[in-house]
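As the structure is a computational prediction, the values presented were derived from the model and not from experiment. Side chains are part of it too, since the values below use all heavy atoms of this structure and drop only hydrogens, waters and symmetry mates.
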Amino acid sequence: MRLLILLLLPLVAIAQDDYCFSKDTSRLQTRQFSSKTAYQIVKGTDIDKQYLVPGCQPQKMWIFHRHGTRLPKKSMIKKATRVAELRDLIIKNYQVARTKPDTDALCQTDLIAIKLWKWNSSITPDMEEYLTAQGYEDLRGTAKLYQRYYPSVLPPTYNDTYYQFRHTDTQRTTESFKAFAEGLFGSQNDAHPVEIPKQDLLLRPYDYCSSFKNVNYKDEGSEYYKFHQSKLYNDTLVDISTRLGFLYTLEEADIKLMYDMCRYEQAWNVDRNSVWCGAFLPEQVTVFEYLEDLKYYYGSGYGFPENAHLNCRLVQDLLTHLSNPVSPHVVAHFGHSTGLLTLITALGIQKDDIKLRADNYDSLTSRRWKSSLIDPFASNFVAVKYDCPADLDREKVVFFLNQQAVQLDWCSVGLCKWSDVLEKYKTIADADCVEYYCRAGGAPSLGSGVTGLLATTLAAMLVYLMH
(Lines give C-alpha, C1' and ligand atoms only; values in the text may rest on other atoms or scores of the structure.)
Protein backbone atom coordinates (compact mmCIF):
# COMPACT_ATOMS: atom_id res chain seq x y z
CA MET A 1 0.00 0.00 0.00
CA ARG A 2 2.81 2.36 0.93
CA LEU A 3 4.52 1.66 -2.41
CA LEU A 4 1.24 2.36 -4.25
CA ILE A 5 0.85 5.72 -2.51
CA LEU A 6 4.41 6.68 -3.41
CA LEU A 7 3.74 5.80 -7.04
CA LEU A 8 0.56 7.87 -7.14
CA LEU A 9 2.04 10.99 -5.53
CA PRO A 10 3.65 12.32 -8.78
CA LEU A 11 0.28 11.95 -10.55
CA VAL A 12 -1.49 13.88 -7.80
CA ALA A 13 1.14 16.61 -8.01
CA ILE A 14 0.68 16.90 -11.76
CA ALA A 15 -3.09 17.12 -11.39
CA GLN A 16 -2.74 19.83 -8.74
CA ASP A 17 -0.40 21.80 -11.00
CA ASP A 18 -3.01 22.07 -13.78
CA TYR A 19 -4.38 25.60 -13.87
CA CYS A 20 -8.00 25.89 -12.72
CA PHE A 21 -9.81 29.12 -13.61
CA SER A 22 -12.82 28.38 -11.43
CA LYS A 23 -10.57 27.99 -8.38
CA ASP A 24 -8.31 30.95 -9.11
CA THR A 25 -9.34 33.64 -6.61
CA SER A 26 -7.36 36.44 -8.31
CA ARG A 27 -8.07 35.70 -12.03
CA LEU A 28 -5.72 38.51 -13.08
CA GLN A 29 -6.16 37.63 -16.75
CA THR A 30 -9.69 39.09 -16.62
CA ARG A 31 -7.89 42.46 -16.41
CA GLN A 32 -6.33 41.77 -19.82
CA PHE A 33 -9.31 41.46 -22.16
CA SER A 34 -8.44 44.61 -24.13
CA SER A 35 -11.45 46.71 -25.16
CA LYS A 36 -13.80 43.99 -23.89
CA THR A 37 -12.52 44.18 -20.32
CA ALA A 38 -15.15 44.76 -17.64
CA TYR A 39 -14.94 48.30 -16.24
CA GLN A 40 -15.59 47.17 -12.67
CA ILE A 41 -12.47 45.00 -12.74
CA VAL A 42 -9.94 47.66 -13.84
CA LYS A 43 -11.37 51.02 -12.74
CA GLY A 44 -9.17 53.20 -10.54
CA THR A 45 -9.43 52.93 -6.77
CA ASP A 46 -7.53 56.04 -5.61
CA ILE A 47 -9.91 58.84 -6.60
CA ASP A 48 -10.79 59.44 -2.94
CA LYS A 49 -7.16 60.53 -2.44
CA GLN A 50 -6.89 62.46 -5.72
CA TYR A 51 -10.01 64.59 -6.14
CA LEU A 52 -9.42 66.99 -3.24
CA VAL A 53 -7.05 69.88 -4.09
CA PRO A 54 -6.20 71.96 -0.99
CA GLY A 55 -7.12 75.63 -1.36
CA CYS A 56 -9.01 75.01 -4.61
CA GLN A 57 -12.65 74.64 -5.56
CA PRO A 58 -13.86 72.55 -8.52
CA GLN A 59 -15.73 74.69 -11.04
CA LYS A 60 -16.32 72.83 -14.30
CA MET A 61 -16.18 69.34 -15.76
CA TRP A 62 -15.70 67.90 -19.25
CA ILE A 63 -16.35 64.21 -19.91
CA PHE A 64 -15.86 61.75 -22.75
CA HIS A 65 -17.47 58.43 -21.88
CA ARG A 66 -17.36 55.26 -23.92
CA HIS A 67 -20.60 53.28 -23.87
CA GLY A 68 -20.99 50.53 -21.29
CA THR A 69 -20.80 46.77 -21.76
CA ARG A 70 -22.62 45.71 -24.91
CA LEU A 71 -23.75 42.62 -26.79
CA PRO A 72 -21.59 41.29 -29.66
CA LYS A 73 -22.04 42.02 -33.32
CA LYS A 74 -24.61 40.09 -35.32
CA SER A 75 -21.94 37.86 -36.87
CA MET A 76 -20.89 36.52 -33.46
CA ILE A 77 -24.44 36.06 -32.16
CA LYS A 78 -25.14 33.89 -35.20
CA LYS A 79 -22.13 31.73 -34.30
CA ALA A 80 -23.54 30.70 -30.90
CA THR A 81 -24.38 27.28 -32.34
CA ARG A 82 -20.73 26.82 -33.28
CA VAL A 83 -19.72 27.51 -29.68
CA ALA A 84 -22.11 24.74 -28.61
CA GLU A 85 -20.48 22.42 -31.15
CA LEU A 86 -17.03 23.22 -29.76
CA ARG A 87 -18.34 22.55 -26.25
CA ASP A 88 -19.48 19.08 -27.31
CA LEU A 89 -16.20 18.34 -29.09
CA ILE A 90 -14.16 19.29 -26.00
CA ILE A 91 -16.27 17.05 -23.77
CA LYS A 92 -15.93 14.22 -26.28
CA ASN A 93 -12.16 14.70 -26.34
CA TYR A 94 -11.92 14.35 -22.57
CA GLN A 95 -14.60 11.75 -21.85
CA VAL A 96 -14.73 9.58 -24.99
CA ALA A 97 -11.54 9.95 -27.02
CA ARG A 98 -9.46 10.32 -23.85
CA THR A 99 -7.15 12.88 -25.48
CA LYS A 100 -6.70 14.93 -22.32
CA PRO A 101 -3.12 16.28 -22.37
CA ASP A 102 -0.60 15.19 -19.77
CA THR A 103 0.08 18.79 -18.70
CA ASP A 104 -1.94 22.04 -18.73
CA ALA A 105 -5.21 20.11 -19.01
CA LEU A 106 -8.59 21.50 -18.03
CA CYS A 107 -9.29 20.86 -14.37
CA GLN A 108 -12.41 18.86 -13.58
CA THR A 109 -14.47 21.83 -12.37
CA ASP A 110 -13.66 23.86 -15.50
CA LEU A 111 -14.51 20.88 -17.70
CA ILE A 112 -17.86 20.37 -15.98
CA ALA A 113 -18.63 24.08 -16.29
CA ILE A 114 -18.01 23.96 -20.03
CA LYS A 115 -20.16 20.85 -20.31
CA LEU A 116 -23.09 22.65 -18.64
CA TRP A 117 -22.75 25.87 -20.69
CA LYS A 118 -25.72 27.08 -22.73
CA TRP A 119 -26.12 30.16 -24.88
CA ASN A 120 -28.70 32.70 -23.74
CA SER A 121 -31.26 32.22 -26.52
CA SER A 122 -32.95 35.53 -25.69
CA ILE A 123 -29.98 37.28 -27.35
CA THR A 124 -30.91 37.50 -31.02
CA PRO A 125 -29.11 39.01 -34.04
CA ASP A 126 -31.44 42.02 -34.16
CA MET A 127 -30.02 43.05 -30.75
CA GLU A 128 -26.44 43.35 -31.99
CA GLU A 129 -24.26 45.73 -29.98
CA TYR A 130 -27.12 46.67 -27.65
CA LEU A 131 -26.20 47.93 -24.19
CA THR A 132 -26.54 45.22 -21.54
CA ALA A 133 -27.96 45.54 -18.02
CA GLN A 134 -24.38 45.63 -16.71
CA GLY A 135 -23.54 48.29 -19.28
CA TYR A 136 -26.40 50.45 -18.02
CA GLU A 137 -25.19 49.99 -14.47
CA ASP A 138 -21.62 50.89 -15.54
CA LEU A 139 -22.74 54.35 -16.61
CA ARG A 140 -25.20 54.91 -13.79
CA GLY A 141 -22.39 54.00 -11.40
CA THR A 142 -19.76 56.37 -12.83
CA ALA A 143 -22.25 59.25 -12.68
CA LYS A 144 -22.99 58.53 -9.03
CA LEU A 145 -19.31 58.21 -8.20
CA TYR A 146 -18.26 61.52 -9.76
CA GLN A 147 -21.27 63.24 -8.21
CA ARG A 148 -20.27 61.90 -4.78
CA TYR A 149 -16.81 63.45 -5.09
CA TYR A 150 -17.91 66.62 -6.92
CA PRO A 151 -21.39 67.48 -5.58
CA SER A 152 -20.95 71.21 -6.19
CA VAL A 153 -20.12 70.65 -9.87
CA LEU A 154 -22.69 67.90 -10.46
CA PRO A 155 -25.91 69.07 -8.78
CA PRO A 156 -28.77 66.52 -8.68
CA THR A 157 -31.25 68.77 -10.50
CA TYR A 158 -31.10 68.92 -14.29
CA ASN A 159 -30.76 72.31 -15.96
CA ASP A 160 -30.32 72.45 -19.73
CA THR A 161 -28.15 75.57 -19.46
CA TYR A 162 -25.84 74.13 -16.82
CA TYR A 163 -25.56 70.64 -18.33
CA GLN A 164 -24.83 69.72 -21.95
CA PHE A 165 -25.06 66.10 -23.10
CA ARG A 166 -24.32 64.63 -26.50
CA HIS A 167 -24.14 61.07 -27.83
CA THR A 168 -23.67 59.31 -31.15
CA ASP A 169 -26.52 57.83 -33.14
CA THR A 170 -26.44 54.29 -31.70
CA GLN A 171 -28.59 52.40 -29.21
CA ARG A 172 -25.65 51.71 -26.88
CA THR A 173 -24.58 55.36 -26.56
CA THR A 174 -28.17 56.60 -26.31
CA GLU A 175 -28.86 54.19 -23.45
CA SER A 176 -25.49 55.00 -21.87
CA PHE A 177 -26.46 58.69 -21.78
CA LYS A 178 -29.81 57.78 -20.18
CA ALA A 179 -28.06 55.65 -17.56
CA PHE A 180 -25.61 58.45 -16.75
CA ALA A 181 -28.47 60.94 -16.44
CA GLU A 182 -30.32 58.56 -14.14
CA GLY A 183 -27.24 58.29 -11.96
CA LEU A 184 -27.13 62.08 -11.61
CA PHE A 185 -30.81 63.00 -11.46
CA GLY A 186 -32.75 59.85 -10.61
CA SER A 187 -35.01 57.75 -12.81
CA GLN A 188 -37.61 60.48 -13.28
CA ASN A 189 -35.65 63.19 -15.06
CA ASP A 190 -36.08 65.31 -18.17
CA ALA A 191 -32.44 65.41 -19.23
CA HIS A 192 -32.00 65.51 -22.98
CA PRO A 193 -29.00 65.57 -25.35
CA VAL A 194 -28.22 68.09 -28.05
CA GLU A 195 -29.31 67.15 -31.55
CA ILE A 196 -27.08 64.71 -33.40
CA PRO A 197 -25.76 66.31 -36.62
CA LYS A 198 -25.99 64.50 -39.92
CA GLN A 199 -22.19 64.37 -40.04
CA ASP A 200 -20.96 63.83 -36.50
CA LEU A 201 -17.48 65.23 -36.92
CA LEU A 202 -17.07 65.83 -33.20
CA LEU A 203 -17.73 62.33 -31.87
CA ARG A 204 -17.18 60.19 -34.99
CA PRO A 205 -14.59 62.01 -37.15
CA TYR A 206 -13.13 58.65 -38.22
CA ASP A 207 -16.34 57.84 -40.12
CA TYR A 208 -15.67 60.70 -42.57
CA CYS A 209 -11.91 60.40 -42.99
CA SER A 210 -10.80 58.10 -45.79
CA SER A 211 -7.10 58.62 -45.05
CA PHE A 212 -7.65 57.34 -41.50
CA LYS A 213 -9.61 54.31 -42.73
CA ASN A 214 -6.95 53.44 -45.32
CA VAL A 215 -4.01 53.22 -42.91
CA ASN A 216 -2.48 49.73 -42.87
CA TYR A 217 -2.51 48.71 -39.21
CA LYS A 218 -3.48 45.03 -39.57
CA ASP A 219 -2.59 43.84 -43.05
CA GLU A 220 0.60 42.33 -44.42
CA GLY A 221 3.68 44.30 -43.38
CA SER A 222 2.09 45.75 -40.25
CA GLU A 223 3.37 45.02 -36.74
CA TYR A 224 0.03 43.39 -35.98
CA TYR A 225 0.45 41.06 -38.96
CA LYS A 226 4.04 40.23 -38.00
CA PHE A 227 3.05 39.28 -34.45
CA HIS A 228 0.07 37.34 -35.77
CA GLN A 229 2.46 35.31 -37.93
CA SER A 230 5.05 34.87 -35.18
CA LYS A 231 6.06 31.55 -33.68
CA LEU A 232 4.88 32.69 -30.24
CA TYR A 233 1.37 33.48 -31.42
CA ASN A 234 0.97 30.31 -33.47
CA ASP A 235 2.44 28.14 -30.72
CA THR A 236 -0.21 29.66 -28.47
CA LEU A 237 -2.94 28.46 -30.83
CA VAL A 238 -1.39 24.98 -30.80
CA ASP A 239 -1.18 24.93 -27.00
CA ILE A 240 -4.80 26.01 -26.58
CA SER A 241 -5.95 23.29 -28.96
CA THR A 242 -3.92 20.69 -27.06
CA ARG A 243 -5.28 21.92 -23.73
CA LEU A 244 -8.82 21.33 -25.03
CA GLY A 245 -7.98 17.77 -26.08
CA PHE A 246 -7.61 18.25 -29.83
CA LEU A 247 -4.93 16.31 -31.70
CA TYR A 248 -4.82 19.01 -34.36
CA THR A 249 -4.70 22.79 -34.25
CA LEU A 250 -8.13 24.36 -34.23
CA GLU A 251 -9.00 27.06 -36.74
CA GLU A 252 -8.07 30.42 -35.30
CA ALA A 253 -11.66 31.59 -35.83
CA ASP A 254 -12.89 28.88 -33.44
CA ILE A 255 -10.33 29.77 -30.80
CA LYS A 256 -11.16 33.47 -31.05
CA LEU A 257 -14.87 32.64 -30.86
CA MET A 258 -14.38 30.88 -27.53
CA TYR A 259 -12.13 33.69 -26.34
CA ASP A 260 -14.68 36.36 -27.28
CA MET A 261 -17.40 34.39 -25.53
CA CYS A 262 -15.20 34.37 -22.43
CA ARG A 263 -14.63 38.13 -22.61
CA TYR A 264 -18.22 39.09 -23.28
CA GLU A 265 -19.73 36.82 -20.66
CA GLN A 266 -17.23 37.99 -18.04
CA ALA A 267 -18.11 41.61 -18.78
CA TRP A 268 -21.86 40.91 -18.73
CA ASN A 269 -21.67 39.25 -15.31
CA VAL A 270 -18.70 40.64 -13.40
CA ASP A 271 -19.57 38.73 -10.21
CA ARG A 272 -19.61 35.36 -11.95
CA ASN A 273 -17.10 33.37 -13.99
CA SER A 274 -17.48 32.82 -17.70
CA VAL A 275 -16.88 29.11 -18.17
CA TRP A 276 -15.09 29.80 -21.45
CA CYS A 277 -12.32 31.72 -19.68
CA GLY A 278 -11.25 28.36 -18.27
CA ALA A 279 -10.22 27.28 -21.76
CA PHE A 280 -7.20 29.60 -21.66
CA LEU A 281 -4.12 29.76 -19.48
CA PRO A 282 -3.23 33.25 -18.12
CA GLU A 283 -0.08 33.45 -20.27
CA GLN A 284 -2.14 32.72 -23.39
CA VAL A 285 -4.44 35.64 -22.59
CA THR A 286 -1.35 37.85 -22.29
CA VAL A 287 -0.37 36.95 -25.87
CA PHE A 288 -3.87 37.77 -27.15
CA GLU A 289 -3.82 41.07 -25.28
CA TYR A 290 -0.56 42.11 -26.96
CA LEU A 291 -1.98 41.36 -30.40
CA GLU A 292 -4.95 43.62 -29.67
CA ASP A 293 -2.69 46.28 -28.18
CA LEU A 294 -0.78 46.34 -31.47
CA LYS A 295 -4.08 46.70 -33.33
CA TYR A 296 -5.19 49.67 -31.25
CA TYR A 297 -1.71 51.20 -30.99
CA TYR A 298 -1.44 51.49 -34.77
CA GLY A 299 -5.16 51.79 -35.50
CA SER A 300 -6.01 54.55 -33.02
CA GLY A 301 -2.88 55.26 -30.98
CA TYR A 302 0.75 56.35 -31.19
CA GLY A 303 1.76 53.92 -33.93
CA PHE A 304 1.10 56.55 -36.60
CA PRO A 305 1.57 60.29 -35.87
CA GLU A 306 -1.59 61.16 -37.80
CA ASN A 307 -3.72 59.38 -35.19
CA ALA A 308 -2.88 62.16 -32.71
CA HIS A 309 -4.46 64.69 -35.08
CA LEU A 310 -7.77 62.96 -35.73
CA ASN A 311 -9.60 64.19 -32.63
CA CYS A 312 -8.72 67.83 -33.21
CA ARG A 313 -12.33 68.96 -32.77
CA LEU A 314 -12.82 67.07 -29.51
CA VAL A 315 -9.66 68.56 -27.96
CA GLN A 316 -10.78 72.02 -29.06
CA ASP A 317 -14.19 71.31 -27.51
CA LEU A 318 -12.50 70.45 -24.20
CA LEU A 319 -10.35 73.60 -24.25
CA THR A 320 -13.27 75.82 -25.30
CA HIS A 321 -15.65 74.69 -22.58
CA LEU A 322 -13.13 74.72 -19.77
CA SER A 323 -11.84 78.16 -20.85
CA ASN A 324 -15.37 79.54 -20.93
CA PRO A 325 -16.32 81.18 -17.57
CA VAL A 326 -20.04 80.64 -18.11
CA SER A 327 -22.39 77.72 -18.71
CA PRO A 328 -22.50 74.93 -19.61
CA HIS A 329 -20.51 73.95 -16.53
CA VAL A 330 -20.72 70.25 -17.32
CA VAL A 331 -20.22 68.83 -20.82
CA ALA A 332 -20.54 65.08 -21.29
CA HIS A 333 -20.08 63.19 -24.56
CA PHE A 334 -20.96 59.52 -25.04
CA GLY A 335 -19.08 57.77 -27.80
CA HIS A 336 -16.96 54.81 -28.78
CA SER A 337 -13.59 53.12 -28.37
CA THR A 338 -11.90 54.85 -31.32
CA GLY A 339 -13.00 58.24 -29.98
CA LEU A 340 -11.54 57.55 -26.55
CA LEU A 341 -8.24 56.17 -27.85
CA THR A 342 -7.62 58.95 -30.36
CA LEU A 343 -8.46 61.53 -27.66
CA ILE A 344 -5.94 59.98 -25.26
CA THR A 345 -3.39 59.93 -28.10
CA ALA A 346 -4.02 63.58 -28.98
CA LEU A 347 -3.37 64.52 -25.34
CA GLY A 348 -0.17 62.45 -25.08
CA ILE A 349 -1.47 60.20 -22.29
CA GLN A 350 -0.14 56.66 -21.69
CA LYS A 351 2.61 57.10 -24.27
CA ASP A 352 5.58 54.72 -24.15
CA ASP A 353 9.15 55.77 -24.83
CA ILE A 354 9.58 52.74 -27.11
CA LYS A 355 7.15 51.91 -29.89
CA LEU A 356 5.20 48.69 -29.65
CA ARG A 357 6.42 46.21 -32.24
CA ALA A 358 5.97 42.55 -33.04
CA ASP A 359 9.50 41.76 -31.85
CA ASN A 360 9.52 43.46 -28.43
CA TYR A 361 6.69 41.63 -26.70
CA ASP A 362 8.94 40.31 -23.92
CA SER A 363 10.49 43.70 -23.11
CA LEU A 364 7.21 45.65 -22.93
CA THR A 365 5.33 43.76 -20.25
CA SER A 366 5.18 46.98 -18.19
CA ARG A 367 4.15 49.20 -21.10
CA ARG A 368 1.83 52.17 -20.58
CA TRP A 369 -0.23 51.39 -23.68
CA LYS A 370 -2.51 48.61 -22.44
CA SER A 371 -5.90 48.81 -24.07
CA SER A 372 -7.36 46.73 -21.23
CA LEU A 373 -6.60 49.52 -18.74
CA ILE A 374 -7.12 52.47 -21.08
CA ASP A 375 -10.25 51.43 -22.92
CA PRO A 376 -12.37 48.84 -21.12
CA PHE A 377 -16.12 48.92 -21.59
CA ALA A 378 -17.41 52.23 -20.11
CA SER A 379 -13.95 53.81 -20.19
CA ASN A 380 -14.08 57.51 -19.42
CA PHE A 381 -11.86 60.57 -19.58
CA VAL A 382 -12.80 63.39 -17.23
CA ALA A 383 -11.25 66.86 -16.92
CA VAL A 384 -12.06 68.83 -13.75
CA LYS A 385 -11.28 72.56 -13.73
CA TYR A 386 -10.41 74.13 -10.35
CA ASP A 387 -10.18 77.70 -9.11
CA CYS A 388 -7.33 78.27 -6.63
CA PRO A 389 -7.66 81.94 -5.52
CA ALA A 390 -4.52 81.97 -3.35
CA ASP A 391 -2.24 80.82 -6.18
CA LEU A 392 -0.58 83.02 -8.78
CA ASP A 393 -1.83 80.58 -11.43
CA ARG A 394 -5.29 80.19 -9.94
CA GLU A 395 -6.73 78.02 -12.72
CA LYS A 396 -5.83 74.34 -12.43
CA VAL A 397 -7.10 71.06 -13.87
CA VAL A 398 -6.95 67.36 -13.01
CA PHE A 399 -7.45 64.74 -15.73
CA PHE A 400 -8.94 61.39 -14.78
CA LEU A 401 -8.84 58.22 -16.86
CA ASN A 402 -11.20 55.56 -15.55
CA GLN A 403 -11.31 57.15 -12.09
CA GLN A 404 -7.53 57.40 -11.84
CA ALA A 405 -5.72 60.75 -11.93
CA VAL A 406 -3.51 60.99 -15.01
CA GLN A 407 0.16 61.55 -14.23
CA LEU A 408 1.80 63.86 -16.77
CA ASP A 409 5.46 64.83 -16.46
CA TRP A 410 4.66 68.52 -16.96
CA CYS A 411 2.12 68.56 -14.12
CA SER A 412 2.51 68.26 -10.34
CA VAL A 413 1.27 64.87 -9.11
CA GLY A 414 -1.69 65.01 -11.50
CA LEU A 415 -2.50 68.71 -10.91
CA CYS A 416 -1.86 70.82 -14.03
CA LYS A 417 -1.78 74.58 -14.43
CA TRP A 418 -4.41 75.61 -16.94
CA SER A 419 -1.91 77.96 -18.60
CA ASP A 420 0.39 74.96 -19.14
CA VAL A 421 -2.51 72.97 -20.62
CA LEU A 422 -3.21 75.74 -23.12
CA GLU A 423 0.47 75.95 -24.02
CA LYS A 424 0.90 72.18 -24.28
CA TYR A 425 -2.03 71.81 -26.68
CA LYS A 426 -1.54 75.10 -28.49
CA THR A 427 -0.87 73.37 -31.83
CA ILE A 428 -4.27 71.69 -31.73
CA ALA A 429 -5.98 74.77 -30.28
CA ASP A 430 -4.68 76.91 -33.15
CA ALA A 431 -5.36 74.31 -35.85
CA ASP A 432 -7.96 74.37 -38.58
CA CYS A 433 -9.31 70.88 -37.91
CA VAL A 434 -10.22 70.34 -41.56
CA GLU A 435 -6.59 70.74 -42.58
CA TYR A 436 -4.93 69.44 -39.42
CA TYR A 437 -5.20 65.77 -40.35
CA CYS A 438 -7.97 64.78 -42.65
CA ARG A 439 -8.34 67.05 -45.66
CA ALA A 440 -11.40 65.09 -46.77
CA GLY A 441 -12.87 65.22 -43.28
CA GLY A 442 -16.14 66.88 -44.19
CA ALA A 443 -17.56 70.21 -43.09
CA PRO A 444 -15.24 72.80 -41.49
CA SER A 445 -15.05 73.16 -37.73
CA LEU A 446 -17.03 75.82 -35.90
CA GLY A 447 -14.27 78.38 -35.96
CA SER A 448 -10.62 77.47 -36.29
CA GLY A 449 -7.83 77.61 -33.77
CA VAL A 450 -7.44 80.15 -30.99
CA THR A 451 -9.54 82.65 -32.90
CA GLY A 452 -12.36 80.12 -32.94
CA LEU A 453 -11.93 79.38 -29.24
CA LEU A 454 -12.09 83.08 -28.34
CA ALA A 455 -15.02 83.69 -30.64
CA THR A 456 -16.96 80.81 -29.11
CA THR A 457 -16.18 82.00 -25.58
CA LEU A 458 -17.16 85.60 -26.31
CA ALA A 459 -20.38 84.50 -28.00
CA ALA A 460 -21.30 82.39 -24.99
CA MET A 461 -20.61 85.27 -22.62
CA LEU A 462 -22.79 87.55 -24.71
CA VAL A 463 -25.67 85.09 -24.59
CA TYR A 464 -25.16 84.75 -20.82
CA LEU A 465 -25.27 88.54 -20.28
CA MET A 466 -28.39 88.86 -22.45
CA HIS A 467 -30.22 86.48 -20.14
S.K.: Are Ser337 and Ser35 close enough that a side-chain donor and a side-chain acceptor fall under 3.5 Å?
M.R.: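 Per modelled atom types, Ser337 and Ser35 side chains form no pair under 3.5 Å.
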S.K.: Run through Phe33, Tyr361, Tyr259 and flag the one making a ring-ring contact (aromatic ring centres under 6.0 Å, His included) with Phe288.
M.R.: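 Exactly one candidate clears the test, Tyr259.
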S.K.: Do Lys23 and Cys107 come within less than 4.5 Å of each other through their side chains, counting heavy atoms only?
M.R.: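 Not touching, per the 4.5 Å side-chain cut-off.
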S.K.: Using modelled atom types only, decide if a donor and an acceptor are shared between the side chain of Arg31 and the backbone of Ser372 within a distance under 3.5 Å.
M.R.: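 It does not hold such a pair.
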S.K.: Give a yes or no on whether the backbone of Arg357 and the side-chain of Asn360 come within a donor-acceptor separation of less than 3.5 Å.
M.R.: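 Such a contact is found between Asn360 side chain and Arg357 backbone.
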S.K.: Under 3.5 Å, sequence neighbours excluded: what are the donor-acceptor pairs made by side chains of residues 398-412?
M.R.:
residue	atom	partner	partner atom	Å
Asn402	OD1	Asn380	N	2.8
Asn402	ND2	Leu373	O	2.9
Asn402	ND2	Ile374	O	3.1
Gln403	OE1	Tyr39	OH	2.8
Gln404	NE2	Asp46	OD2	3.4
Gln407	OE1	Gly414	N	3.3

S.K.: If you take the centroid of each ring, where Trp contributes its six-membered ring, are Tyr158 and His192 closer together than 6.0 Å?
M.R.: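 When the ring centroids of His192 and Tyr158 are compared, they turn out to be within the sub-6.0 Å range.
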S.K.: Do Asp420 and Lys424 sit within salt-bridge range, that is, some charged N less than 4.0 Å from a carboxylate O?
M.R.: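 A salt bridge is absent here (no side-chain N lies under 4.0 Å from a carboxylate O).
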S.K.: Looking only at atom types and distance, does a side-chain atom of Arg82 sit under 3.5 Å from a main-chain N or O of Lys79, one as donor and one as acceptor?
M.R.: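 A pair under 3.5 Å: no.
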S.K.: Compute whether any side-chain donor of one residue and acceptor of the other, for Gln32 and Thr286, lie under 3.5 angstrom apart.
M.R.: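 The criterion, which ignores hydrogens and geometry beyond distance, is satisfied for Thr286 and Gln32.
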S.K.: Is it true that Glu423 and Lys426 have a side-chain N and a carboxylate O under 4.0 angstrom from each other?
M.R.: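 No salt bridge links Glu423 with Lys426.
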S.K.: For the residue pair Trp369 and Tyr302, does the interplanar ring angle fall in the parallel (under 30°), tilted (30 to 60°) or perpendicular (over 60°) class?
M.R.: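 The rings of Trp369 and Tyr302 stand perpendicular, inter-plane angle above 60°.
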S.K.: In terms of side-chain heavy atoms, does Asp293 have a donor or acceptor partner in Ser371 at a distance below 3.5 Å?
M.R.: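 Distance-only check passes for Asp293 and Ser371.
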S.K.: With the side chain counted from C-beta on, respond yes when Trp119 and Ile77 share a heavy-atom pair under 4.5 Å apart, and no when they do not.
M.R.: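 Yes - at least one pair of side-chain heavy atoms lies under 4.5 Å apart.
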S.K.: So do the side chains of Leu294 and Tyr217 get within less than 4.5 Å of each other, counting heavy atoms only?
M.R.: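 SC-SC contact between Leu294 and Tyr217 ruled out.
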S.K.: Just wondering, do Lys396 and Lys417 contact through their side chains at under 4.5 Å, heavy atoms?
M.R.: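 Contact flag for Lys417/Lys396 side chains = yes.
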S.K.: With under 30° as parallel and over 60° as perpendicular, where do the rings of Phe304 and Tyr298 fit, or are they tilted in between?
M.R.: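 If you compare the ring of Phe304 with that of Tyr298, the planes turn out perpendicular.
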S.K.: Would Arg166 and Asp200 pass as an ion pair if we require N to O under 4.0 Å?
M.R.: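 Salt bridge: yes.
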S.K.: Less than 3.5 Å apart, which donor and acceptor atoms pair up between the side chains of residues 179-191 and the rest of the protein, not counting sequence neighbours?
M.R.:
residue	atom	partner	partner atom	Å
Glu182	OE1	Tyr136	OH	2.7
Asn189	OD1	Ala191	N	3.1
Asn189	ND2	Gly186	O	2.7

S.K.: Do you know which two heavy atoms are closest between Gln29 and Val285, and how far apart they sit?
M.R.: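 The answer is O-CG1, 3.7 Å.
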S.K.: Out of Phe64, Phe165, Trp62, which one pairs with His333 under the ring-ring contact (aromatic ring centres under 6.0 Å, His included) rule?
M.R.: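 Between His333 and the candidates, ring-ring contact (aromatic ring centres under 6.0 Å, His included) is satisfied uniquely by Trp62.
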S.K.: Consider only side-chain N and O atoms of Thr168 and Thr173, and report whether a donor and an acceptor are under 3.5 Å apart.
M.R.: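 Indeed, the side chains of Thr168 and Thr173 share at least one donor-acceptor pair under 3.5 Å.
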S.K.: Which heavy atom in Arg87 sits nearest to a heavy atom in Ile114, and how many Å separate them?
M.R.: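 Of all heavy-atom pairs spanning Arg87 and Ile114, the closest is CG-O, 3.1 Å.
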S.K.: Do the side-chain N and O atoms of Ser176 and His65 include a donor-acceptor pair separated by under 3.5 angstrom?
M.R.: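 Their side chains do not contain a donor-acceptor pair, so the 3.5 Å distance test is not met.
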S.K.: Verify the neighbour count for atom NZ of Lys118: are there more than 12 heavy atoms of other residues, nucleotides or ligands below 6.0 Å?
M.R.: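 12 or below, so no.
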S.K.: I'd like a table of donor-acceptor pairs (distance under 3.5 Å, sequence neighbours excluded) in which one partner is a side-chain atom from residues 67-76, with atom names and distances.
M.R.:
residue	atom	partner	partner atom	Å
His67	NE2	Arg172	NE	3.4
Thr69	OG1	Asp138	OD2	2.9
Arg70	NH1	Tyr264	OH	3.0

S.K.: Kindly indicate whether the side chain of Trp418, heavy atoms from C-beta on, has any atom under 4.5 Å from the side chain of Val421.
M.R.: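 Contact flag for Trp418/Val421 side chains = yes.
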S.K.: Hey, are Asp375 and Ser379 close enough side-chain-wise for a donor-acceptor pair under 3.5 Å?
M.R.: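 Looking only at side-chain atoms, Asp375 and Ser379 do form a donor-acceptor pair, the distance falling under 3.5 Å.
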S.K.: Locate the shortest heavy-atom distance separating Arg368 from Lys351; write the atom from each residue and the value.
M.R.: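 What the structure gives for the nearest pair is NH1-O, 2.7 Å.
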S.K.: Flag this pair as yes if the NZ/CZ of Lys295 is under 6.0 angstrom from the six-membered ring centre of Tyr224 and inside a 45 degree cone about the axis; otherwise no.
M.R.: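 Not flagged: Lys295 not positioned over aromatic ring of Tyr224.
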S.K.: Taking 4.0 angstrom as the limit, do Arg263 and Glu289 come out as a salt bridge?
M.R.: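 Result for this pair is no, no salt bridge flagged.
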